[in-house]
Novice: 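Got a structure for you, questions after.
Reminder, nothing fancy here: chain letters follow the sequence lines and each chain counts from 1.
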Amino acid sequence: MYGLADCNNFFVSCERVFAPRLEGIPVVVLSNNDGCVISRSNEAKAIGIRMGQPLFQASPLIRRHGVQVLSSNYALYSDMSHRVMTTLRSLVPAAEVYSIDEAFLDLSGIPTGELSALGRRIASTVRRHTGIPVSIGTAPSKTLAKIASKLCKQYPKLHDSCLMYRPEDIAKVLRTFPVQDIWGIGRRHGPMLRGAGILTAGQFVQAREEWIRHRMGVAGLRTWKELRGEPCIGFEHTPPAKQQICTSRSFAAEATDPDDLRRAVALFTAQCAEKLRRQGSVCSEVQVFIATNRHRPELPQQYANRILSPPTPTDSTLELTVLAERALRSIFTPGFGYKKAGVILSGIGPRAAVQTSLFDPSDRGRQTRLMKALDQVNGRFGRHTLVTAAQGFDPVKTNRNHVSPNYTTSWDELPEIKV
DNA sequence: TCTGGGGTCCTAGGACCC
DNA sequence: TCTGGGGTCCTAGGACCC
């Protein structure tokens with residue numbers, strides 16, 4: 001049996017833990033650069049604010065209903081996520097972190113009769129330890145567990161835990177579950193299925209196997225089997241290393257000054273390299289891309305990118321920064337206003353397996369010790385304590401006009417408390 | 001005026017091999 | 001006129017997820 005623990009309205013719930021005034025009123029959290037709505041309280045959902053909706057489109061509703069608007073604060077959310085995951089791990093044999101707000105639970109070996117109560121205990125313990133409300137879905141496959149967790153949000157009397165086990169119970173749920181809400185069915189296959197007269201998960205599992213294979217490939221077939229109770233997506237006990245690492249941002253305003261872009265690209269490179277080192281990998285390619293504002297078609301448009309390779313796979317911020325800057329210089333074109341830039345590391349492999357070049361100009365051991373020192377200093381004294389000169393201390397501006405304090409990760413940012 | 005960021009996997013087609 | 005069979009690797013594009 002698989003469990004799925006899903007935090008309800010996660011980013012909004014994180015904000016509410018430390019700002020109880022946000023309880024019971026409509027709240028939304030925005031994407032980077034304050035662009036789109038990416039988390040909504042139940043009250044915000046009820047008044048019709050949509051997921052992913054641009055802020056400016058939602059603003060009439062926001063004004064009319066006095067919706068509280070917050071910029072995203074990932075330092076807070078990732079710390080809260082760790083607390084939730086730690087609590088989950090203490091309650092089940094194993095947990096697979098699936099996203100910042102979800103984890104699959106390995107429930108093998110637990111008697112079926114105890115699963116329902118266990119789910120309720122997990123939900124109430126996470127709530128008590130972290131303040132975050134979660135929904136626990138339990139079923140014979142991951143796809144069914146996802147559906148079970150969604151039912152918790154619909155039916156309060158389930159007390160945050162839904163077990164779908166007996167075939168007749170599963171069939172009953174699938175009969176009314178919308179096909180486009182199934183995990184694995186996205187914005188293309190959803191409408192395709194509806195066009196074919198398949199509106200519910202129940203109709204989907206009744207479709208012919210060959211038809212699914214033909215129209216939706218092996219991934220669609222896997223979803224079909226999972227819904228029929230045949231697990232095809234296994235439990236991952238150790239997270240695989242990333243094959244690609246990306247850091248990118250949109251800017252508050254279009255950048256025309258090459259120095260602004262250089263500093264941004266240097267910062268993104270440093271952040272990518274840090275992620276790379278954290279998973280113990282090296283990379284053999286660094287890609288830089290810059291893009292104009294695609295929502296302003298009346299302005300000259302460009303998307304440019306360039307990939308460069310170090311002589312030997314590396315995880316050194318310094319080596320990668322030199323390459324990234326060279327790549328940027330080769331694609332930057334005066335006269336364009338760049339709204340977004342990013343760095344992508346690829347060709348990723350384990351550090352332990354690096355094949356060095358006979359003509360390698362750099363001192364590997366020295367670079368490694370330097371990066372270790374860099375990571376230790378920043379780990380101890382804060383993220384941007386030690387930076388490359390190329391980054392500077394004055395990052396290119398993004399919009400973040402409604403940000404909450406870093407309640408859990410930086411004491412000096414806590415609001416003053418009157419006694 | 002204002003429109004996010006970070007990933008994975010599959011598939012088809014082309015280039016190439018013998 | 002007739003024009004093989006079997007395979008690998010790479011890439012771009014499309015689908016999906018949060």
Side-chain angles (χ1 to χ4, degrees), chain A residues 4-11 28-39 49-60 62-63 69-74 77-78 81 96-104 142-143 146 149-150 180-193 212-223 226 232-233 236 239-254 264 268 271-272 275-276 279 285 287 289 291-299 305 307 337 339-348 398-402:
Chain A
L4 178 72
D6 190 334
C7 300
N8 303 344
N9 315 333
F10 183 56
F11 297 168
V28 297
V29 172
L30 304 176
S31 62
N32 260 315
N33 212 34
D34 289 350
C36 302
V37 172
I38 54 167
S39 182
I49 296 177
R50 294 198 316 277
M51 184 67 178
Q53 195 171 27
L55 174 61
F56 74 93
Q57 276 177 16
S59 62
I62 286 170
R63 268 196 302 274
V69 176
L70 294 161
S71 300
S72 41
N73 182 348
Y74 283 95
Y77 310 149
S78 53
S81 175
E96 172 198 335
V97 176
Y98 177 67
S99 72
I100 194 166
D101 70 334
E102 279 175 69
F104 287 105
K142 283 183 168 179
T143 306
K146 291 277 277 187
S149 82
K150 287 198 184 184
Q180 69 275 10
D181 293 348
I182 298 168
W183 184 50
I185 301 210
R187 66 187 208 290
R188 299 307 292 247
H189 288 326
M192 183 279 288
L193 290 166
I212 298 290
R213 171 70 242 258
H214 177 241
R215 302 296 295 265
M216 303 174 68
V218 298
L221 192 58
R222 199 156 47 213
T223 299
E226 283 244 321
C232 302
I233 307 171
E236 301 253 15
K242 301 247 179 288
Q243 302 173 35
Q244 184 174 295
I245 289 171
C246 173
T247 303
S248 73
R249 288 289 175 278
S250 294
F251 307 129
E254 282 87 358
F268 301 157
Q271 289 179 351
C272 279
K275 295 181 202 172
L276 186 67
Q279 71 167 29
E285 284 184 340
Q287 174 178 180
F289 69 87
T292 51
N293 190 344
R294 63 198 167 95
H295 301 293
R296 298 281 302 277
E298 73 279 15
L299 299 178
N305 71 325
I307 302 176
K339 180 69 172 172
K340 182 174 179 175
V343 172
I344 303 170
L345 305 183
S346 52
I348 289 175
T398 61
N399 286 320
R400 217 164 167 241
N401 297 324
H402 315 277

Novice: Check each residue of residues 96-103 of chain A for a non-hydrogen atom within less than 4.0 Å of any atom in DNA chain B, then write out the ones that pass by number, or none.
Specialist: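 Nucleic-acid contacts, sorted: none.
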
Novice: Between C1' on C/dC17 and CD on A/Gln180, what's the gap in Å once rounded to a whole number?
Specialist: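 Taking CD of A/Gln180 and C1' of C/dC17, I get 16 Å after rounding.
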
Novice: Rounded to the nearest angstrom, tell me the gap between atom CD in A/Glu226 and atom P in C/dC16.
Specialist: 16 Å

Novice: Assess, by modelled atom type and distance only, whether the side chains of A/Ser346 and A/Glu285 contain a donor and an acceptor separated by less than 3.5 Å.
Specialist: yes

Novice: Using salt bridge (Lys or Arg N to Asp or Glu O under 4.0 Å) as the criterion, list what pairs up with A/Arg296, not counting sequence neighbours.
Specialist: A/Glu298

Novice: What residues form a salt bridge (Lys or Arg N to Asp or Glu O under 4.0 Å) with A/Lys142, not counting sequence neighbours?
Specialist: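 A/Glu96.
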
Novice: Under the rule for side chain to side chain donor-acceptor pair (under 3.5 Å), what residues qualify as partners of A/Glu236, not counting sequence neighbours?
Specialist: none

Novice: Can a donor-acceptor pair be found between the side chains of A/Ser39 and A/Asn9 at a distance below 3.5 Å?
Specialist: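 No.
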
Novice: What's A/Ile182 touching, base or sugar-phosphate or nothing? Going by heavy atoms closer than 4.0 Å.
Specialist: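 The residue A/Ile182 makes sugar-phosphate contact but no base contact.
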
Novice: Who pairs with A/Asn8 by side chain to side chain donor-acceptor pair (under 3.5 Å), at least two apart in sequence or on another chain?
Specialist: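 With sequence neighbours excluded, A/Asn8 shows a side chain to side chain donor-acceptor pair (under 3.5 Å) to A/Ser135, given in chain and number order.
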
Novice: Please name all residues satisfying side chain to side chain donor-acceptor pair (under 3.5 Å) with A/Glu254, sequence neighbours left out, ordered by chain then number.
Specialist: A/Asn293

Novice: Output all residues satisfying ring-ring contact (aromatic ring centres under 6.0 Å, His included) with A/Phe251, sequence neighbours left out; order by chain, then residue number.
Specialist: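 So A/Phe251 forms no ring-ring contact (aromatic ring centres under 6.0 Å, His included) with any residue.
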
Novice: For nucleotides 2-13 of chain B, give me one character per nucleotide, 5' to 3': B if any protein heavy atom sits under 4.0 Å from the base, S if the only such contacts are to the sugar-phosphate, - if neither.
Specialist: BBSSSSSSSS--

Novice: Among residues at least two apart in sequence or on other chains, which ones pass salt bridge (Lys or Arg N to Asp or Glu O under 4.0 Å) with A/Asp6?
Specialist: A/Lys153

Novice: For A/Ile185, answer base if it contacts any base atom (sugar-phosphate contacts may also be present), sugar-phosphate if it contacts only those atoms, and nothing otherwise; contact means non-hydrogen atoms under 4.0 Å.
Specialist: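 If one applies the 4.0 Å heavy-atom cut-off, A/Ile185 turns out to touch the sugar-phosphate alone, with no base involved.
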
Novice: Residues in salt bridge (Lys or Arg N to Asp or Glu O under 4.0 Å) with A/Lys340, at least two apart?
Specialist: none

Novice: Using the C1' atoms of the five pairs at each end, what is the angle between the end axes of the helix from B/dG5-C/dC18 to B/dC18-C/dG5, to 10°?
Specialist: 10°

Novice: Looking at C/dC17, I'd like to know if its phosphate oxygens (OP1 or OP2) sit under 4.0 Å from a side-chain N or O belonging to A/Lys142.
Specialist: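 Looking at the OP1 and OP2 atoms of C/dC17, neither is under 4.0 Å from any side-chain N or O of A/Lys142.
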
Novice: Mind checking what makes side chain to side chain contact (heavy atoms under 4.5 Å, CB included) contact with A/Ser72, not counting sequence neighbours?
Specialist: A/Val29, A/Tyr74, A/Tyr77

Novice: Grab the CD-C1' distance between A/Glu236 and C/dC18 for me, whole Å please.
Specialist: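 It works out to 16 Å between those atoms.
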
